[in-house]
A.B. asks: 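Structure below; questions to follow.
Whatever order the structure lists ligands and atoms in, that order sets their numbers, starting from 1. All values below come from the heavy atoms of this structure, side chains included, with hydrogens, waters and symmetry mates left out.
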Amino acid sequence: MKRILITGVDGQIGSELFELFRHDEGVDHVVGLDIRPPQKRQWRENGLFELCDATDKDALRQVIKKYEITNIFHLVGILSAKGENNPDLAWHVNMTSLKNILELAQEFDLKIFWPSSIAVFGLSAPRENTPQNTILDPTTIYGITKVSGELLCNYYHQKFAIDVRSIRFPGIISYDTPPGGGTTDYAVDMFYYALRQEKYTCFVSPETTLPMMYMADAIKSILDIMRAEKQQIKVRTSYNVTGISFSARELELEICKHFPGFSCSYKPDYRQRIADSWPCTIDDSLARQQWNWQHQFDLAKITADMIENLKSKATV
Ligand code: SER
């Protein structure tokens with residue numbers, strides 16, 4: 001019987017994946033794990049949730065044993081901007097937890113999903129159509145943990161045959177749980193300000209262009225890669241995967257089509273340098289060829305869907 005564990009379940013991706021699996025697999029087949037108590041009432045009232053620090057290997061082992069876990073979606077992580085404010089913590093949380101998960105995967109024969117990021121790229125990689133295989137010289141501690149994590153995943157796959165699969169995520173736009181501490185967070189923040197009819201001060205310049213993806217596509221990419229046959233997964237570091245790319249100004253203008261009074265001012269801070277070190281567009285043809293990756297949401301669709309959902313959330 002398949003039993004799923006999602007670490008970092010209270011985060012942007014974890015919370016949506018948890019809901020999906022609870023619905024599709026049944027609440028008794030998926031366990032949420034986080035260092036904080038669950039924010040959603042329905043998780044407290046019904047289903048399986050464990051308060052646990054993923055850097056504590058023994059505690060993780062107990063959870064895996066208790067629920068006879070078979071698959072882990074390891075989503076614990078400190079993102080790029082927050083990581084710059086506390087590099088030691090970012091290294092400790094991101095690396096120790098991943099190493100724990102990989103060691104436990106070996107002990108219990110688990111299948112693993114782990115997210116990497118466009119933050120693996122630095123100033124030496126081409127910024128347009130950034131290839132799968134290129135120089136990886138990240139400038140952030142977050143990016144360094146992602147490169148190291150990718151290599152660790154590949155090592156555990158080569159040496160111990162661990163079935164670990166990974167995607168280099170771009171910025172993810174969603175309406176359910178906001179992201180926290182990322183450089184791409186402005187793309188989500190803008191929507192919340194527009195809905196409240198407030199002006200938004202954007203922390204990157206209007207021409208800053210980054211690869212982005214709608215949450216529905218991010219979830220689809222995770223399910224697609226995890227459901228693919230083993231032999232389709234030829235990259236065991238992490239796959240380039242993307243949806244679309246747009247500038248901060250293009251997003252502002254798209255939101256203006258729905259809220260004509262909306263506007264942004266631009267006041268770049270330390271996150272601008274991070275954004276400037278990342279790709280503008282990504283070549284994800286390998287994921288498209290090897291496990292049929294296809295995104296579904298473009299900027300117009302993302303914007304319309306975000307606004308519709310945020311509006312209905314506001315009226316609940
Ligand atoms: N969204 C992430 C960040 O901004 C990138 O993986 O840190």
A.B. asks: Just checking Y239 against W293, ring centres under 6.0 Å apart?
C.D. replies: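 Ring centres of W293 and Y239 not closer than 6.0 Å.
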A.B. asks: Could I get the full list of side-chain hydrogen bond (donor to acceptor under 3.5 Å, both in side chains) partners for S116, not counting sequence neighbours?
C.D. replies: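 Result, side-chain hydrogen bond (donor to acceptor under 3.5 Å, both in side chains) vs S116: E150.
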A.B. asks: Tell me every residue that passes ring-ring contact (aromatic ring centres under 6.0 Å, His included) with F73, counting only those two or more places apart in sequence or in another chain.
C.D. replies: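 Per chain and number, F73 pairs via ring-ring contact (aromatic ring centres under 6.0 Å, His included) with F21.
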A.B. asks: Show the distances, to 0.1 Å, for all pairs joining an N/O atom of ligand 1 and a protein N/O atom that are shorter than 3.5 Å, listing one pair per line.
C.D. replies:
residue: ligand 1; atom: 1 (N); partner: T184; partner atom: OG1; Å: 2.8
residue: ligand 1; atom: 4 (O); partner: S80; partner atom: OG; Å: 3.4
residue: ligand 1; atom: 4 (O); partner: T183; partner atom: N; Å: 2.6
residue: ligand 1; atom: 4 (O); partner: T184; partner atom: N; Å: 3.1
residue: ligand 1; atom: 4 (O); partner: T184; partner atom: OG1; Å: 3.3
residue: ligand 1; atom: 6 (O); partner: S117; partner atom: OG; Å: 2.6
residue: ligand 1; atom: 6 (O); partner: Y142; partner atom: OH; Å: 3.0
residue: ligand 1; atom: 7 (O); partner: S80; partner atom: N; Å: 3.1
residue: ligand 1; atom: 7 (O); partner: S80; partner atom: OG; Å: 2.6

A.B. asks: Taking the side chain as everything from C-beta on, heavy atoms only, tell me whether R236 gets closer than 4.5 Å to Y156.
C.D. replies: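 Result no, sub-4.5 Å side-chain heavy-atom pair not found.
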A.B. asks: Does the ring of Y67 carry R3 above it, NZ/CZ under 6.0 angstrom from centre and within 45° of its axis?
C.D. replies: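 Cation-pi check for R3 and Y67: fails.
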A.B. asks: Which residues satisfy the side chain to side chain contact (heavy atoms under 4.5 Å, CB included) test with D88, sequence neighbours excluded?
C.D. replies: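 D88: side chain to side chain contact (heavy atoms under 4.5 Å, CB included) contacts with N86.
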